[in-house]
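Order of listing sets the numbers, starting from 1, for every ligand and every atom in it.
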Amino acid sequence: MPNASFEVLPSNQPMADEIRENILKNPGFGRYFTDHMAHIRWTGDAEWHGHQVRPYGPLTLDPAASVLHYGQEIFEGIKAYRHADGSIWTFRPEKNAERFRRSARRLALPELSDEDFIGSLKALLAQDHQWVPTPASASDECSLYLRPFMIASEAFLGVRPSQEVDYYVIASPAAAYFKGGIAPVSIWLSSNYKRAAPGGTGFAKCGGNYAASLAAQKEAEAHQCGQVAFLDAAENKWVEELGGMNLFFVFKDGRLVTPRLTDTILEGVTRNSVLTLAKDEGLTPEERPISIDEWREGAASGEITEVFACGTAAVITPVGELVTENERIRLQSDGNNEVAMRIRTKLLDLQYGRSEDKYGWLTQLV
Ligand SMILES: *Cc1c(COP(=O)(O)O)cnc(C)c1O
């Protein structure tokens, strides 16, 4: 349905200005939601239809809806940024739209066009633009986090792709991921669990991958680590990524290495952007397999000077150490992270409109 416009059903109980402004002062992450949500419905016989922006609220779902039983679900994560002139922008939404279709194909869900994906963000923001926080300074990384997702809603317990599907976008104001500055995180290397296997769903952004990572996340927390790193399932040797972030290694000679994409690694939009920005910084990006042994030896010899993780929510986060059952891998150049912080600032300056958008990565929402 090209050029579908969204019917707007305005909320009759929008949040009072004063309460919303209070929330925006300290929104945390993923705790508060805006007044509306976007919705598009799909059925096997009518394709995508019924484009709406309607009041945010609980869904009515049949208890037999297949998403509740077989987990047929995908999602995206993307942010809206307020620029100094008050306008609101998002970052490379066509990359998220493309990935959403890739995820849809893997989970046997219907594909959504760029037009509907980006259109749904614009339609929602047209109503809820007041929920996009205004940064107080260049170090204030507040934004409105947008969460598009698609669920199988047909009431049927047979195992086959659902013939009824719903797509929604909800939005949640977000403060900087790390309060009080960016401290390097400790990462737990999971040896009991794998995130993804060849032929599986690792490259798709689906709820099931996250459900499967939670036991490893609990293990990490028991070892005072904030995140989990996963090795490949076939050889238990190659570094893949974290539960929800891609990994980069900075070498002393200026190489910037990240694991090459396979069907067990999720292609982050941040990862892709870092690879481009790195070249501007005079670094030499390399996408290739990197083993846990190379990490250990590079850290010990000083060959690897920094490790960082990246994703939309936390932007770029330095990794301080890798913790396993029997060792702690720490870099010699402890606490520097100069390259990670330089790329981080470049990326944020672009997203918040403080530097020239020379790659055409920004799309105006409002
Ligand atoms: C979402 C996600 C990322 C990061 O992707 P971005 O597009 O950069 O936010 C990395 N790994 C996994 C497993 C993810 O789900």
Side-chain angles (χ1 to χ4, degrees), residues 29-30 71 73-81 90-104 106-107 117-118 121 141 143-150 169 172 174 176-177 185 187-188 190 193-197 200-217 220 226-233 238-248 258-278 285 287 307-317 319 340 343-344 346-348 350-351 359 361-363:
F29 182 83
E73 186 267 359
I74 57 172
F75 67 94
E76 269 302 325
I78 184 168
K79 284 173 169 175
Y81 308 90
T90 193
F91 186 71
R92 309 186 75 184
E94 58 292 330
K95 295 285 286 180
N96 296 80
E98 186 192 334
R99 183 170 70 193
F100 201 50
R101 285 193 293 274
R102 223 157 43 230
S103 301
R106 181 62 184 84
L107 275 288
F117 185 89
I118 299 170
L121 308 183
E141 294 165 21
S143 63
L144 184 66
Y145 184 80
L146 308 173
R147 169 52 61 85
F149 64 102
M150 194 191 289
V169 188
S172 176
Y177 207 75
V185 289
I187 304 256
W188 172 248
S190 178
Y193 302 107
K194 297 291 176 220
R195 193 191 81 88
T201 57
F203 69 92
K205 213 168 175 74
C206 64
N209 290 344
Y210 279 72
S213 75
L214 296 177
Q217 182 68 29
Q227 295 278 333
V228 189
F230 292 95
L231 297 181
D232 76 297
W238 305 105
V239 179
E240 297 207 308
E241 59 171 316
L242 306 187
M245 284 192 268
N246 296 113
L247 276 173
F248 279 90
T258 191
R260 87 186 143 87
L261 295 176
T262 63
D263 66 352
T264 57
I265 291 182
L266 189 124
E267 182 180 3
V269 179
T270 319
R271 174 190 181 279
N272 183 284
S273 308
V274 166
L275 285 170
T276 298
L277 295 178
E287 296 176 72
V307 182
F308 64 84
C310 70
T312 298
V315 197
I316 286 176
T317 309
V319 172
I343 297 177
R344 190 174 203 283
K346 274 212 121 168
L347 191 56
L348 288 167
L350 253 165
Q351 291 169 333
Y359 297 107
W361 281 347
L362 299 186
T363 293

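With rounding to the nearest 0.5 angstrom, the CZ atom of R99 is 8.5 Å from the CZ atom of F117. Here the OG-CD distance, from S103 to E98, works out to 10.5 Å after rounding to the nearest 0.5 Å.
At least one heavy atom of G243 sits less than 4.0 Å from an atom of ligand 1.
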Could you walk me through whether R260 and E240 pass the salt bridge (charged side-chain N to carboxylate O under 4.0 Å, His left out) test, one step at a time? CA-CA 9 Å; R260 87 186 143 87; E240 297 207 308; over 6 Å; no

With salt bridge (charged side-chain N to carboxylate O under 4.0 Å, His left out) as the criterion, how do R195 and E241 come out once you've worked through the C-alpha distance, each side chain's angles and the decisive distance to 0.1 Å? CA-CA 9 Å; R195 193 191 81 88; E241 59 171 316; 2.8 Å; yes

Candidate pair Y81 and F91, rule ring-ring contact (aromatic ring centres under 6.0 Å, His included), full reasoning: CA-CA 8 Å; Y81 308 90; F91 186 71; 7.1 Å; no

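In terms of protein heavy-atom proximity, atom 3 (C) of ligand 1 is closest to G244 O, 3.3 Å. When only non-hydrogen protein atoms are considered, atom 8 (O) of ligand 1 lies nearest to T270 OG1, 2.6 Å. For atom 15 (O) of ligand 1, the closest non-hydrogen atom on the protein side is Y210 OH, 2.5 Å.
Interface of T312 with ligand 1, defined as ligand atoms under 4.0 Å from a residue heavy atom, comprises 6 (P), 7 (O), 8 (O), 9 (O). Taking every heavy atom of G268 and a limit of under 4.0 angstrom, the matching atoms of ligand 1 come to 5 (O), 6 (P), 7 (O), 8 (O). Close approach to E241 involves these atoms of ligand 1, each under 4.0 Å from a residue heavy atom: 10 (C), 11 (N), 12 (C), 13 (C). Of all atoms in ligand 1, numbered sequentially from 1 with element shown, those under 4.0 Å from a heavy atom of R99 are 5 (O), 6 (P), 7 (O). Ligand-side atoms of ligand 1 in range of R195: 13 (C), range being under 4.0 angstrom from any heavy atom.
Below 3.5 Å of separation, one finds no N or O of L242 facing any N or O of ligand 1. At least one N/O-N/O distance between K205 and ligand 1 falls below 3.5 Å.
Annotation: side chain of P93 is in contact with side chain of I78 (closest heavy-atom distance under 4.5 Å).
Checked by atom type and distance alone, the side chain of D232 pairs as donor or acceptor with a backbone atom of W238 at under 3.5 Å. Of the possible donor and acceptor atoms, none in the side chain of R106 sits under 3.5 Å from a partner among the backbone N and O of A204.
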